[in-house]
*Asks:* 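One structure coming up, written as structure tokens, with questions to follow.
First the proteins, then the strands, lettered A, B, ... as listed; each starts at 1.
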There are 2 protein chains.
Amino acid sequence: DLSLQENYFGRETLDRLSGRRTDEVWLETKQKDLATVYLLFSNLSPMVSTPQEDSEGGDIKLCRFRYEAVKDLLQKPSTVLIFLGMEKMKSSSSSSSQTEEPPVWFAISTDEDAAELLRRCRENTCLFPKTPNRDLLKLSEEEAGVVAQARSVLAWHSRYSFCSTCGSSTHLEEAGYKRSCLNPECRSQRGVHNTCYPRVDPVVIMLVIHPDGNQCLLGRKKVFPAGMFSCLAGFVEPGEAIEEAVRREVEEESGVKVGPVQYVSCQPWPMPSNLMIGCLAVAVTTDIKVDEKEIEEARWFPRQQVIDSLFRGASPAFFVPPRQTIAHQLIKHWVGMNSNL
Amino acid sequence: DLSLQENYFGRETLDRLSGRRTDEVWLETKQKDLATVYLLFSNLSPMVSTPQEDSEGGDIKLCRFRYEAVKDLLQKPSTVLIFLGMEKMKSSSSSSSQTEEPPVWFAISTDEDAAELLRRCRENTCLFPKTPNRDLLKLSEEEAGVVAQARSVLAWHSRYSFCSTCGSSTHLEEAGYKRSCLNPECRSQRGVHNTCYPRVDPVVIMLVIHPDGNQCLLGRKKVFPAGMFSCLAGFVEPGEAIEEAVRREVEEESGVKVGPVQYVSCQPWPMPSNLMIGCLAVAVTTDIKVDEKEIEEARWFPRQQVIDSLFRGASPAFFVPPRQTIAHQLIKHWVGMNSNL
Ligand SMILES: Nc1ncnc2c1ncn2[C@@H]1O[C@H](COP(=O)(O)O)[C@@H](O)[C@H]1O
Ligand SMILES: Nc1ncnc2c1ncn2[C@@H]1O[C@H](COP(=O)(O)O)[C@@H](O)[C@H]1O
Ligand SMILES: [Mg+2]
Ligand SMILES: [Mg+2]
Ligand SMILES: [Mg+2]
Ligand SMILES: [Mg+2]
Ligand SMILES: [Mg+2]
Ligand SMILES: [Mg+2]
Ligand SMILES: [Zn+2]
Ligand SMILES: [Zn+2]
């Protein structure tokens with residue numbers, strides 16, 4: 001069923017327990033708990049360990065720290081500490097009638113020297129990935145979900161440390177989910193204002209289907225690797241519905257007009273904090289005229305060519321983004337579908 | 001078909017022509033065009049005219065101004081001018097082979113005295129609505145769509161006039177769709193940053209269906225008028241998928257656990273700039289425990305009671321928000337559906 005589809009970065013293994021964000025006593029106890037897990041971020045990248053032998057290509061894993069290993073960082077005023085939540089799954093070993101709560105997780109962002117930080121880890125294959133767009137796709141589904149949450153919130157702190165209403169400094173509150181203005185005269189102090197809360201940017205990403213039902217529209221940006229084509233996408237604008245944003249962006253970027261639009265699934269994309277809303281869209285015109293500022297080329301691809309490149313037939317005509325992207329999943333969803341929506 | 005459902009505030013009668021936002025020559029010509037329509041905003045409310053006789057309750061209409069009537073305001077440095085777009089529909093009268101383009105629309109926000117501004121209008125039933133939440137629901141579908149766009153963008157300018165990255169002043173660019181930092185050293189000047197673009201906050205709003213398929217969960221906030229119940233709703237958090245946000249918010253607010261989630265339709269809500277993402281959600285538990293900080297009461301309502309209050313049966317047990325809200329439309333959608341999802 002469509003509504004059960006989960007995309008990479010979308011798995012929630014932690015219960016966010018938002019009610020605890022204002023419970024400072026509880027948070028402080030949990031910070032010192034021996035079972036608590038800390039992730040270390042530098043420059044918005046988490047410390048990860050890479051596989052020892054690169055025979056397999058292999059996955060990367062988050063480095064997990066205990067309180068003792070990071071408590072000095074927690075003292076520093078420049079450290080940003082985010083409460084991520086409590087593990088949802090009971091560990092299989094504690095199936096006995098223990099009353100112990102599952103471990104909670106925090107993310108730490110620090111401006112300490114990265115090389116120094118890496119020395120804190122016992123493994124010597126640790127690093128802070130330099131190209132998050134690509135490197136963060138190598139995590140497990142579980143860890144990807146945690147990183148999506150942590151990186152989005154940390155990226156917000158890194159860009160929103162001043163009050164946009166009055167220009168004053170702000171300070172972190174509610175375990176990392178709020179920033180309040182330090183100017184007591186500021187308008188943002190009266191009532192509820194979105195300036196105080198993390199920003200999430202909704203983006204529509206859509207696979208446009210040819211009126212004949214057997215071709216789809218894919219485009220390339222100049223920055224894409226040679227040969228790669230993907231779904232069109234764009235930011236939802238103020239005062240705009242999802243379906244209207246799909247129609248507008250497709251027409252802007254390709255000149256193609258779209259009729260019916262159908263939501264398929266979504267994906268949090270923590271670069272820095274987008275919510276990718278994935279749709280199928282049925283074209284009502286077919287002439288292509290690309291917006292050269294954004295798109296280098298757009299083309300109708302026949303279903304068979306798309307199948308060949310998804311499943312890596314011999315010398316495919318083009319390739320699509322990796323399976324961890326919602327673009328890939330939308331394309332796969334379409335080739336698996338009946339040709340009429 | 002679901003995907004064609006349109007909600008109040010969602011109609012787009014203007015083509016946003018985002019490509020023109022950087023075309024200053026074109027914009028200036030259009031500003032002076034005699035056919036151009038200006039809307040006047042004061043304190044984030046548009047000037048509207050109300051029906052002369054209040055016999056009918058009646059609708060409100062936007063006051064439309066020509067260049068001559070507002071050109072003095074355009075000179076003032078405190079005025080904010082937003083390009084809204086070009087009318088999509090050709091006026092039926094110009095079905096001849098005229099080459100004239102349809103009129104374009106702008107929104108003006110000014111801090112001039114409201115009483116003074118009202119004198120610019122020939123009609124004497126004009127006003128700036130004081131309770132936008134309620135009053136802006138009285139517009140036509142067409143005008144509501146334009147107001148959704150204009151008010152969201154203007155609300156962003158009113159709250160985001162300082163750079164959140166460095167605290168410096170910013171200035172308006174791209175016909176109202178961008179604000180750039182005036183500090184040449186600022187990080188926000190290098191690369192693309194969401195700090196420069198209008199903010200849209202995704203919110204999930206959901207009708208939770210009882211496992212028996214014949215009851216739905218509605219709640220009330222303390223601020224609701226007595227007797228009103230509505231769908232639960234909440235902000236999508238960073239790194240969170242829509243379906244997960246539905247599950248989290250329902251559990252936070254009511255204690256009920258949710259399984260499958262299905263997107264139905266969405267609604268731009270310009271107070272100040274939310275994107276309401278409407279879903280049906282199937283409960284897998286039924287015990288209710290409300291979060292008293294946010295919700296005063298939540299209850300399972302049997303389908304027949306919901307039908308009675310939607311269609312104003314004799315003395316309904318409760319009432320739901322007006323038809324212009326997506327909450328109303330979700331509830332109506334459910335009562336019109338077969339009892340199994
Ligand atoms: N929230 C945002 N974050 C980043 N870029 C944005 C945002 N909103 C609008 N833009 C602009 O949209 C461009 C990308 O186009 P698109 O993704 O097709 O809407 C960027 O280069 C920016 O100029
Ligand atoms: N973008 C936002 N705008 C306004 N309030 C927010 C935002 N994000 C989180 N909140 C908080 O969420 C509360 C409303 O709860 P909910 O709508 O159920 O998520 C508000 O009172 C704020 O404390
Ligand atoms: Mg795009
Ligand atoms: Mg765009
Ligand atoms: Mg675009
Ligand atoms: Mg809520
Ligand atoms: Mg919430
Ligand atoms: Mg809530
Ligand atoms: Zn402030
Ligand atoms: Zn700046």
*Asks:* Does any N or O in the side chain of Asn274(B) come within less than 3.5 Å of the main-chain N or O of Met276(B), such that one atom is a donor and the other an acceptor?
*Replies:* no
*Asks:* So which of Asn194(B), Asn7(B), Val147(B), Leu275(B) has the biggest tally of heavy-atom pairs under 4.5 Å with chain A?
*Replies:* Asn194(B)
*Asks:* So if I take each residue of residues 168-176 of chain B and look for any heavy atom under 4.5 Å from a heavy atom in chain A, which residues do I end up with?
*Replies:* none
*Asks:* When rounded to the nearest 0.5 angstrom, what distance separates CG in Leu44(B) from NE2 in His157(B)?
*Replies:* 11.0 Å
*Asks:* Determine whether a donor-acceptor pair (N or O, by modelled atom type, separation under 3.5 Å) exists between the side chain of Asp15(B) and the backbone of Leu17(B).
*Replies:* yes
*Asks:* Against chain B, work out which of Gly10(A), Ser161(A), Ser188(A) has the most heavy-atom pairs shorter than 4.5 Å and name it.
*Replies:* Ser161(A)
*Asks:* Is the closest basic N to carboxylate O distance between Asp23(A) and Arg21(A) below 4.0 Å?
*Replies:* no
*Asks:* Please tabulate, for the side chains in residues 253-260 of chain A, all donor-acceptor contacts under 3.5 angstrom to protein atoms that are two or more places apart in sequence or on a different chain.
*Replies:*
residue	atom	partner	partner atom	Å
Ser254(A)	OG	Val250(A)	O	2.7
Ser254(A)	OG	Val256(A)	N	3.2
Lys257(A)	NZ	Glu251(A)	OE2	2.9

*Asks:* If the test is side-chain hydrogen bond (donor to acceptor under 3.5 Å, both in side chains), which one of Glu243(A), Glu249(A), Glu244(A) qualifies with Arg247(A)?
*Replies:* Glu244(A)
*Asks:* Atom CD1 in Ile277(B), atom CD1 in Ile277(A): separation rounded to 0.5 Å?
*Replies:* 4.5 Å
*Asks:* Checking the side chain of His193(B) only, and the main-chain atoms of Arg187(B) only, is there a donor and an acceptor separated by less than 3.5 Å?
*Replies:* yes
*Asks:* Which residue out of Cys266(A), Ala148(A), Cys163(A) racks up the most heavy-atom pairs below 4.5 Å with chain B?
*Replies:* Cys266(A)
*Asks:* Under a 4.5 Å heavy-atom cut-off, does chain B meet the side chain of Pro270(A), its backbone, both or neither?
*Replies:* neither
*Asks:* Heavy-atom cut-off 4.5 Å, strictly under: side chain, backbone, both or neither for Arg248(A) against chain B?
*Replies:* side chain
*Asks:* Would you mind checking if Glu6(B) and Arg11(B) are paired as a salt bridge, meaning a charged N to carboxylate O distance below 4.0 Å?
*Replies:* yes
*Asks:* Output all residues satisfying ring-ring contact (aromatic ring centres under 6.0 Å, His included) with Trp269(B), sequence neighbours left out; order by chain, then residue number.
*Replies:* Phe9(B)
*Asks:* Mind running side chain to side chain contact (heavy atoms under 4.5 Å, CB included) on Thr325(A) and Tyr8(A) for me, showing each step along the way?
*Replies:* CA-CA 7 Å; Thr325(A) 63; Tyr8(A) 192 81; over 6 Å; no
*Asks:* Considering only heavy atoms, give the residues of residues 235-242 of chain B separated from chain A by less than 4.5 Å, sorted numerically, with 'none' for an empty result.
*Replies:* Val236(B), Glu237(B), Pro238(B), Gly239(B), Glu240(B), Ala241(B), Ile242(B)
*Asks:* Out of Pro272(A), Pro268(A), Ala155(A), which one racks up the most heavy-atom pairs below 4.5 Å with chain B?
*Replies:* Pro268(A)
*Asks:* Relative to chain B, which segment of Arg16(A) carries a heavy atom at a distance below 4.5 Å: side chain, backbone, both, or neither?
*Replies:* side chain
*Asks:* At a 4.5 Å cut-off on heavy atoms, which part of Ser273(B) comes close to chain A: side chain, backbone, both, or neither?
*Replies:* side chain
*Asks:* Select, from Ser18(A), Cys166(A), Gly19(A), the one with the greatest count of heavy-atom pairs under 4.5 Å involving chain B.
*Replies:* Cys166(A)
*Asks:* Who wins among Gly167(A), Gly145(A), Pro198(A), Ala150(A) for the most heavy-atom pairs under 4.5 Å with chain B?
*Replies:* Gly167(A)
*Asks:* Could you go through the side chain to side chain contact (heavy atoms under 4.5 Å, CB included) check for Tyr263(A) and Val264(B) one step at a time?
*Replies:* CA-CA 9 Å; Tyr263(A) 171 81; Val264(B) 177; over 6 Å; no
*Asks:* Just by modelled atom types, is the Val80(A) backbone N or O under 3.5 Å from a matching donor or acceptor in the Ser109(A) side chain?
*Replies:* no
*Asks:* Where is the tightest heavy-atom contact between Ser265(A) and Gln5(A), given as atom of each residue plus distance?
*Replies:* OG-NE2, 3.7 Å
*Asks:* Is Arg151(B) in contact with chain A via its backbone, its side chain, both, or neither, using a 4.5 Å heavy-atom distance?
*Replies:* neither
*Asks:* Do any N or O atoms from the side chain of Gln189(A) and from the backbone of Cys181(A) form a donor-acceptor pair under 3.5 angstrom?
*Replies:* yes
*Asks:* Heavy-atom pairs under 4.5 Å with chain A: which of Gln149(B), Arg199(B), Glu12(B) has the most?
*Replies:* Arg199(B)
